[in-house]
Amino acid sequence: MTIHILPDKLASQIAAGEVVERPSSVVKELVENAIDAGATAINVDIREGGRKSIQVADNGQGLPAAEIEVAFHRHATSKLQTVEDLTAIRTLGFRGEALAAIAAVSQVTLISRAQGETTGTRLVLDGGAKVSREMAGAPQGTVISVENLFYNVPARLKFLKSDNTEKRLIDEFVTRYALAYPHIRFRLAHNGRITFQSTGNGSVLDVLIAIYGPDVARQLLEIGDSRLEIEGDSPISNLQSPISISGFIGTPAVHWSNRGQMVLFVNGRWVKDNQLTFAIIQAYHTLLPTGRYPLAILFLTLPPEEVDVNVHPAKTEVRFRGDKAPFAEVQRVVREALVADAPIRQMGAWQVGSQLEAMTPGWEGSLDQHAFVRPDDISQPEMELEWPPEEIIEPAGGQTAPRPTAARSSQLPVMRVVGQVGAAYIITEGPEGLFLIDQQAAHERVLYEQYHGEWQAGQVAMQPLTVGTAVTLSPSQSNWLNHQLPTLATIGFQVEPFGPQTFMIRSIPQLAADRDAAHLLLSIVTGVERKPPAAADLPLYLIQLVCMAAATRAGQSLSQPQMAALVQQLEQCHDPMTTPHGRPTFIYLSVAQLAREFGRI
Ligand code: ADP
Ligand code: MG
């Protein structure tokens, strides 16, 4: 084959592929154009998942009659004049590609009347070629209908998913833009049925209620404006870009099995950013059950020149100039909101008959696992809990004496121990309801915070063994252990190789001093074998495993002072609500909920 220049039509179809991948990309481009045109109401009507037709109607400024045809040319835009403009984009569109791309791969009808003009224009295009143009009566604004998408690109057509999947993607897109633009009234209809609408009253929370329903909306924490001040003339603070973050995040009580509910907008543009998503996940670290993801709708605002949006034709990725700043800032605001406003929430297990995926994380299941008493657990040595000397232990049923509150985190109220059920759960009473505490989970959390603190300070308390304990491992286990001896030393295990596949344990962490050393080491080795963590997470994971092995078990009856001590230590934890690996430590039943369950209200 000789080299030749591609015919214009083919070149446009290739270029179109980058902008228009599927029906939802058409919706995205048309809705962005409507927003850029200053619309206050946007209606999206799709048929058959958008495959048959997509119509977007807006009441924005409209296209002047003289510009209607040129708008469909490639690189035709009213939003960019010079190359300098590219460094500070304030509109959603700027590449002048969308209308051309959409028209190249579908049959388009556009009706528009510009502000100040008395009649509108109808333009019909087929595969990008003009079919007809005429005057038409129309209200101010623009209606674009895109029919038979990819009718002339069979290869693309084949990649489309079911109507339902395409519809879901469109739905996701429209609801997200409704969140970012709460002042705009959005309506989405599929095959003539309205599936979503927002009021345009300016309240993000109202849009969230429209999307997720009131049950989830009740579990949201608002993140306020957190503009970083550029202070004085410190060189470091000058490096930081002024960034403001607002939005809503879910409490740890709502979570999903995928990452789809973490939504980020940068300067009003919905973007996908793995790093920032990871920042959110990290902020929830140890607060959510493993494999579950939070809800977070965050709006980042920063000077346009700090963000490069011209990364990809679809404009869903951005680059930040000061790469790290938004990451740390996102993590900080989310974490702060979680810690500051972590009221005791009513836990999912009590939401009888709840339809919400978010509310049914399978806690009931994990609770059951721990509810039965294993015979070998009963013979566990008595756990030792320390409590401060000033502790006043109240007899059951007595009045709760005020306790010094200085060192307490505000997350849990002061509780009074009522008793123990099933040798596994401690019942306590708080000011507004009762708590059912999983003694094992609670103790794991208590141990973790102590141990983790020691480890961070580089001073894990160790219990030397007077006579070393030897353990023999499998070849792969001993290979792993041989490589991890220094890491183990940092968490209190002094272990030496002692012949092929055999190791001698010289010390174990103090907080597990009453456990069998060989058993303890084995539980770590097999824990890592079962579920190997990322290298960077290894020390924390090992700490969690030790805590699991060292915690008091279900099946062990506790004395009143032991329960009181455990409860008090839990109250003082920084993150008392879950175990380090995300199992809840307690279930809360408020007085109001009790009344509801009993049909009193
Ligand atoms: P871009 O949005 O990148 O400028 P598009 O191909 O999406 O490129 O649109 C080309 C031009 O057509 C826009 O710059 C704008 O002037 C005009 N336009 C497109 N859609 C609308 C609309 N809904 N209302 C008013 N003008 C529009
Ligand atoms: Mg556009």
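For ligands, and for the atoms within them, numbers begin at 1 and follow the listed sequence.
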[atom]: which protein heavy atom is closest, and how many Å away?
atom                    : answer
atom 2 (O) of ligand 1  : K79 NZ, 2.7 Å
atom 23 (N) of ligand 1 : D58 OD2, 2.9 Å
atom 4 (O) of ligand 1  : T77 OG1, 2.5 Å
atom 8 (O) of ligand 1  : G96 CA, 3.1 Å
atom 17 (C) of ligand 1 : L63 CD2, 3.5 Å
atom 14 (O) of ligand 1 : S78 N, 2.9 Å
atom 21 (C) of ligand 1 : N33 CB, 3.9 Å

Measuring only between side-chain heavy atoms, which start at C-beta, is V146 closer than 4.5 Å to Q55?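 No - every pair of side-chain heavy atoms lies 4.5 Å or more apart.
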Side-chain touch N148/S106, heavy atoms, less than 4.5 angstrom: no
Close-contact set for ligand 1 against [X] heavy atoms, below 4.0 Å:
X   : result
R95 : 3 (O)
E97 : 6 (O), 8 (O)
F94 : 1 (P), 3 (O)
G93 : 2 (O), 3 (O)

Could [X] and [Y] be called an ion pair, given the rule that one side-chain N must be under 4.0 Å from one carboxylate O?
X    : Y    : value
R51  : E48  : no
E69  : K130 : yes
E317 : K272 : no
E134 : R122 : yes

With heavy atoms only and a cut-off of under 4.0 Å, state how [X] meets ligand 1: side chain, backbone, both or neither.
X    : value
L92  : neither
A76  : backbone
T142 : side chain
Q61  : neither
A98  : both

Classify the ring geometry of F173 against W270: parallel below 30°, tilted from 30° to 60°, perpendicular beyond 60°.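 Aromatic pair F173/W270 classed tilted.
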May I ask you to check whether [X] and [Y] show a side-chain donor-acceptor distance below 3.5 Å?
X    : Y    : value
S198 : D206 : no
Q115 : Q61  : no
N33  : K79  : yes

Check this for me - ligand 1, [X], N or O atoms closer than 3.5 angstrom, yes or no?
X   : answer
A37 : no
D36 : no
A71 : no
L99 : yes

N274, CG atom: more than 12 neighbouring heavy atoms under 6.0 Å: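 No, the 6.0 Å shell around CG holds no more than 12 heavy atoms from other groups.
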Where E32 and Y177 come nearest, the two heavy atoms and their spacing: OE2-OH, 3.1 Å
Contact summary for T142 and G62, nearest pair of heavy atoms: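 Nearest heavy atoms, T142 then G62: OG1-CA, 3.5 Å.
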Heteroatom test (N, O or S) for N33 near the Mg ion (ligand 2), limit 2.8 Å: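 Yes, within the cut-off.
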